Amino acid sequence: MTKSSTLKFSDTGFFSSLMNDYLNEKPELNEFYNKFPRLNNFKPQIEEKQSSFKKETRLVLSSTLKSQYEGFEISELTLNNIDALREDSTFTITTGHQLNLFTGPLYFLYKIVSAINLSKELKTQYPKYNFVPIYWMATEDHDFDEINYFNFKGKKIQWNRNASGAVGELSTEGLDVVLEVLNGEFGNTKNAEALKDLFKRAYINNGNLTDATRYLANELFKDYGLVIVDGNDKDLKHLFTPYVEKELLNQPSFKNVSETNAVLSQGYKIQVNPREINLFYLDKDLRERIVFEDDAYKVKNTNIVFSKSEILDHLNEVPEKFSPNVILRPLYQEVILPNLCYIGGGGELAYWFQLKAMFNTFNVPFPILLLRNSVLIQTESQAKKLHNLNISKKDIFLKRDTFINKKVREISNINIDFSEQKEHLKQQFKELLVLAEQTDKSFLGAVEAQQKKQLKGIQNLEKRLLKAQKIKLSDHVLRMTDIKNELFPNGSLQERNANFSEFYIEYGTKLVPSLIENLKPLNGEFLILTL
């Protein structure tokens with residue numbers, strides 16, 4: 001039986017001050033986003049997007065998506081959603097992710113389920129409109145080392161090969177070696193066999209990483225109407241050419257984002273820094289930055305050079321060769337999609353906060369930003385262990401040493417907290433300091449040094465006693481440490497480390513429906529799910 005509970009993001013200790021302040025609607029952040037993700041804020045967002053989004057763009061988008069799905073089994077619900085994008089009453093809810101091998105971290109699923117569930121919730125609230133969940137594949141990324149592996153039960157399953165250029169165009173040749181590894185790791189249960197077959201159909205039967213990822217995401221979510229977008233497309237890039245031209249000629253993004261960074265960096269860590277031109281040049285096995293030097297446009301690490309007129313002609317002839325970097329990719333997405341909301345992790349949303357002024361300059365509506373659902377999945381057995389060990393949901397999120405120290409203090413039959421003794425000592429020295437001031441002020445330094453020495457001595461005694469109790473209670477500590485490590489592999493959130501395959505082997509086809517049933521995107525809380 002599925003059980004769930006929630007915890008505030010701020011109580012987990014795993015989210016940045018920027019995300020916590022955003023969720024608490026801190027007024028100082030208002031200038032960096034458009035509308036807060038609240039159900040009643042979607043109506044004005046609809047109106048803002050509807051008034052600016054062109055019918056021609058909708059027609060190109062719908063037609064292009066049908067072409068991208070050619071050769072893939074497409075569900076009726078997904079096909080209906082693609083057709084609906086032609087209508088002025090249809091809007092998208094978008095999330096995006098890299099083309100990680102076999103989906104990569106578990107939160108890949110949570111992003112997409114968040115988009116699906118928010119689309120459903122909006123349809124209930126605003127029935128005269130249609131809402132389409134979108135997964136934007138990061139096919140133009142070029143950092144292969146970030147995507148060429150996934151973790152399975154603490155082991156790194158890796159695809160080893162040389163790679164250059166956009167990762168979406170990489171051949172899947174050689175992934176049969178990874179499948180052989182999976183044959184040894186996954187076991188031979190019914191669910192394990194289904195997983196191995198899914199990997200084979202996605203990665204062995206498709207020729208490149210784009211098609212493999214589309215197949216995989218479609219298999220997992222086609223029953224929910226998910227629409228998968230590949231932005232590395234000539235027709236879609238053609239819609240973006242006016243913005244690329246403006247970037248090449250005037251470099252507005254550098255100015256806008258730099259100014260935003262100067263303000264935002266006063267209180268928060270900056271995620272990305274803009275280039276003067278935030279575009280790459282794409283070709284076979286090539287994705288390199290475009291720079292403006294010596295009155296010419298050059299492609300770094302190549303001999304490719306354009307004059308101003310040449311690069312503009314080239315842009316109009318082959319727009320697919322111009323690739324937005326992390327600064328301009330969000331703008332590209334919002335130009336070609338009738339999008340209302342972007343759903344991402346904390347790091348992603350942090351760089352979206354840097355972009356609002358740039359969007360204003362390009363006169364493109366800025367989407368609502370929603371922190372994706374986060375989930376800790378535990379088995380009934382693990383939930384029972386936590387209960388028997390009297391570990392609360394707040395306790396289990398503590399950093400390892402803090403967690404162990406807190407629990408040892410709680411279960412120990414002696415008091416390991418010397419706070420009372422420290423306060424008593426401080427009071428005694430307070431009286432001594434008054435006496436020293438009244439007699440000979442030269443003694444003040446000696447009294448203060450003695451206070452510091454004795455407080456340190458008490459702290460050392462407390463640490464030694466705590467260490468001794470840990471040894472005495474070693475069996476209990478070991479059991480607590482084991483469950484902590486199971487739920488937080490490598491000391492990090494489960495969703496950032498584990499792959500969905502671990503849980504599919506356990507729960508099979510029930511996994512995704514359980515997430516669909518329990519994830520509530522607008523709740524703004526961390527979900528603890530017992531399956």
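Only a predicted model underlies this, so the values are computations on that prediction, with no experimental measurement involved. Excluded from the calculations below are hydrogen atoms, water molecules and symmetry mates; all remaining heavy atoms, backbone and side chain alike, are included.
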Just by distance, no angles: are the side chains of [X] and [Y] close enough, under 3.5 Å, to form a donor-acceptor pair?
X: E486; Y: Q382; answer: yes
X: K49; Y: N339; answer: no
X: S374; Y: R372; answer: yes
X: S75; Y: T78; answer: yes

Heavy-atom closest pair, residues L209 and T172: N-CG2, 3.9 Å
Closest non-hydrogen atom pair between S164 and D285, with its separation: OG-O, 3.3 Å
Candidate list K155, K156, K153, test salt bridge (Lys or Arg N to Asp or Glu O under 4.0 Å), partner E185, passing option: K155
Pairs satisfying salt bridge (Lys or Arg N to Asp or Glu O under 4.0 Å), at least one member in residues 218-235, at least two apart: E73-K222, R201-E219, E219-K222
[Y] and [X] aromatic ring geometry - parallel, tilted or perpendicular at 30°/60° bounds:
X: H97; Y: Y107; value: perpendicular
X: F359; Y: F366; value: perpendicular
X: Y126; Y: F131; value: tilted

Residue of the set E334, E348, Q333 for which side chain to side chain donor-acceptor pair (under 3.5 Å) holds with Y342: E348
Side-chain donor or acceptor of T103 paired with backbone N/O of N100 under 3.5 Å: no
Check: F397 ring centre within less than 6.0 Å of F488 ring centre: yes
Centroid-centroid under 6.0 Å between F240 and F322 rings: no
Side-chain heavy atoms of Y149 within contact of I157, under 4.5 Å: no
K284 bridged to E169 by N-O distance under 4.0 Å: no
Residues which pass side-chain hydrogen bond (donor to acceptor under 3.5 Å, both in side chains) with E140, listed by chain and number, not counting sequence neighbours: K237, S323
Derivation and outcome, side-chain contact (heavy atoms from CB on, under 4.5 Å), residues V132 and F91: CA-CA 6 Å; V132 176; F91 299 90; over 6 Å; no
